[in-house]
Amino acid sequence: MTVQMCAGADEAVADVEDGSTVLVGGFGMAGMPVDLIDGLIRQGAKDLTVVSNNAGNGDTGLAALLAKGRVRKVVCSFPRQSDSYVFDELYRAGKVELEVVPQGNLAERIRAAGAGIGAFFCPTGAGTPLAEGKETRVIDGRAYVLEYPIRGDVALIGAHRADRMGNLVYRKTARNFGPVMATAATTVIAQVREVVDTGRIDPEAVVTPGIFVDRVVQEART
């Protein structure tokens, strides 16, 4: 598989379709692929389902996409924090749907999609409103909830470095959801700080192998 090295974010997200499920990496703003999100805003895709840890911060990144009215549903762990006022206003006005997923469950549901797991039982959320309408089972005396994989049409992730085969290295907490999201989407687009020649990354340091990556774009420097 040949990785496409894109000239910019607009080229990288040009074919994202209306109604797509988009996995977006990031823990708050750490590892958030802001350039790709800005490109998606300019591209105009709408009616999106966004899967991310948070529901946007301030006025940039996911918050900017939400403010444009492009998102139909948000699947996340932390929809509310001190600077999530864009999402908060939209949700209270009934303009966006929300599915809250505990953080560990969110990571595991995405990982399950990449691993080809049909479903799994997890104790997190058992006995709470998050388990309503879901199959539950008692295993070894403990209640478990059946959870299903989360797959994406597109994954937008941020990494620190890529080589020209698409192998990715992350930097500290910016790693977060990127590795599992890269395995769980049909098209994976990585925004990176720098691109190096193939062979410049120690194979032992590669976190996401290039086989999972379709497009790479070097982020704009300001």
Side chain [X], main chain [Y], donor-acceptor under 3.5 Å:
{"X": "Arg215", "Y": "Ala12", "value": "yes"}
{"X": "Gln191", "Y": "Leu36", "value": "yes"}
{"X": "Ser77", "Y": "Val101", "value": "yes"}

Might you point out which heavy atoms bring [X] and [Y] nearest each other, and give the distance in Å?
{"X": "Thr183", "Y": "Pro179", "answer": "CG2-O, 3.5 Å"}
{"X": "Ala162", "Y": "Leu168", "answer": "CB-CD2, 3.6 Å"}
{"X": "Val169", "Y": "Ala159", "answer": "O-CB, 3.6 Å"}
{"X": "Leu66", "Y": "Ala55", "answer": "CD1-O, 3.3 Å"}
{"X": "Val86", "Y": "Ala63", "answer": "CG1-O, 3.4 Å"}
{"X": "Ser52", "Y": "Gly25", "answer": "OG-O, 4.4 Å"}

Using a cut-off of 6.0 Å, state whether more than 12 heavy atoms not belonging to [X] lie near its atom [atom1].
{"X": "Arg175", "atom1": "CZ", "answer": "no"}
{"X": "Tyr170", "atom1": "OH", "answer": "yes"}
{"X": "Glu89", "atom1": "CD", "answer": "no"}

Connected via hydrophobic side-chain network under 4.5 Å: [X] and [Y]:
{"X": "Ile37", "Y": "Leu90", "result": "yes"}
{"X": "Leu65", "Y": "Leu98", "result": "yes"}
{"X": "Met32", "Y": "Leu48", "result": "yes"}
{"X": "Tyr91", "Y": "Val24", "result": "yes"}
{"X": "Met165", "Y": "Ile189", "result": "no"}

- Quick one: which residue pairs count as a ring pair (Phe, Tyr, Trp, His ring centres under 6.0 Å) with a foot in residues 116-147, not counting sequence neighbours?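 Qualifying pairs, neighbours excluded: none.
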
If we only count heavy atoms from C-beta on, is the [X] to [Y] side-chain gap below 4.5 Å?
{"X": "Phe177", "Y": "Leu23", "result": "no"}
{"X": "Val75", "Y": "Ile150", "result": "yes"}
{"X": "Val100", "Y": "Leu130", "result": "yes"}
{"X": "Val96", "Y": "Val74", "result": "yes"}
{"X": "Met29", "Y": "Asn57", "result": "yes"}
{"X": "Val216", "Y": "Val192", "result": "yes"}
{"X": "Leu146", "Y": "Thr136", "result": "no"}
{"X": "Leu156", "Y": "Pro33", "result": "yes"}

- Message: Run the salt bridge (Lys or Arg N to Asp or Glu O under 4.0 Å) test against Asp88 and tell me which residues pass, sequence neighbours left out.
- Response: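 Testing Asp88 for salt bridge (Lys or Arg N to Asp or Glu O under 4.0 Å), a comparison that skips the adjacent residues, returns Arg80, Arg92.
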
What residues, two or more places apart in sequence or in another chain, satisfy side chain to side chain donor-acceptor pair (under 3.5 Å) together with [X]?
{"X": "Thr187", "result": "none"}
{"X": "Asn176", "result": "none"}
{"X": "Arg171", "result": "none"}
{"X": "Gln103", "result": "Asn53"}

- Item | From CG (Asp163) to OG1 (Thr198), nearest 0.5 Å |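 If I round to the nearest 0.5 Å, the distance is 4.5 Å.
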
- Task: Scan for salt bridge (charged side-chain N to carboxylate O under 4.0 Å, His left out) pairs involving residues 47-67, sequence neighbours excluded, and state none if there are none.
- Result: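 Applying salt bridge (charged side-chain N to carboxylate O under 4.0 Å, His left out) to every pair that reaches into residues 47-67, excluding sequence neighbours, yields Asp47-Arg72.
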
- Query: If you look only at pairs with a residue in residues 148-162, which of them pass as a salt bridge (charged side-chain N to carboxylate O under 4.0 Å, His left out), with sequence neighbours excluded?
  - Reply: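 Non-adjacent pairs meeting salt bridge (charged side-chain N to carboxylate O under 4.0 Å, His left out): Arg161-Glu194.
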
- Leu62/Asn54 under side chain to side chain contact (heavy atoms under 4.5 Å, CB included): CA gap, chis, key distance, verdict: CA-CA 9 Å; Leu62 280 181; Asn54 304 79; 5.8 Å; no

- Message: Applying side chain to side chain contact (heavy atoms under 4.5 Å, CB included) to Arg42 and Asp10, what does each step give before you reach the verdict?
- Response: CA-CA 8 Å; Arg42 293 189 293 270; Asp10 291 355; 2.7 Å; yes

Give the table of side-chain donor-acceptor pairs shorter than 3.5 Å for residues 199-206, with sequence neighbours excluded, one pair per line with atom names and distance.
{"from": "Asp202", "atom 1": "OD1", "to": "Glu204", "atom 2": "N", "distance (Å)": "2.9"}

- Are Arg137 and Glu135 ion-paired here, with the side-chain N under 4.0 Å from a carboxylate O?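 A salt bridge links Arg137 with Glu135.
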
- Applying side chain to side chain contact (heavy atoms under 4.5 Å, CB included), name anything that partners Gln43, two or more places apart in sequence or on another chain.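 Scan of Gln43 (side chain to side chain contact (heavy atoms under 4.5 Å, CB included), adjacent residues dropped) gives Val13, Val16, Leu40, Ala45.
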
- Query: Run the side chain to side chain contact (heavy atoms under 4.5 Å, CB included) check on Arg164 and Val195 step by step: do they pass?
  - Reply: CA-CA 7 Å; Arg164 297 190 180 279; Val195 178; 4.1 Å; yes

Return all side-chain donor-acceptor pairs below 3.5 angstrom for residues 105-114, not counting sequence neighbours, or 'none' if the list is empty.
{"from": "Asn105", "atom 1": "ND2", "to": "Glu147", "atom 2": "OE2", "distance (Å)": "3.3"}
{"from": "Glu108", "atom 1": "OE1", "to": "Arg111", "atom 2": "NE", "distance (Å)": "3.0"}
{"from": "Glu108", "atom 1": "OE2", "to": "Arg111", "atom 2": "NE", "distance (Å)": "3.3"}
{"from": "Glu108", "atom 1": "OE2", "to": "Arg111", "atom 2": "NH2", "distance (Å)": "2.8"}
{"from": "Arg109", "atom 1": "NE", "to": "Tyr148", "atom 2": "O", "distance (Å)": "2.6"}
{"from": "Arg109", "atom 1": "NH1", "to": "Glu99", "atom 2": "OE2", "distance (Å)": "3.2"}

- Task: Test Phe87 against Val71 for side chain to side chain contact (heavy atoms under 4.5 Å, CB included), laying out the working first.
- Result: CA-CA 10 Å; Phe87 171 80; Val71 179; over 6 Å; no

- Message: Under the side chain to side chain donor-acceptor pair (under 3.5 Å) definition, can you give me all pairs with a residue in residues 16-28, not counting sequence neighbours?
- Response: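 Listed by first then second residue: Asp18-Lys46.
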
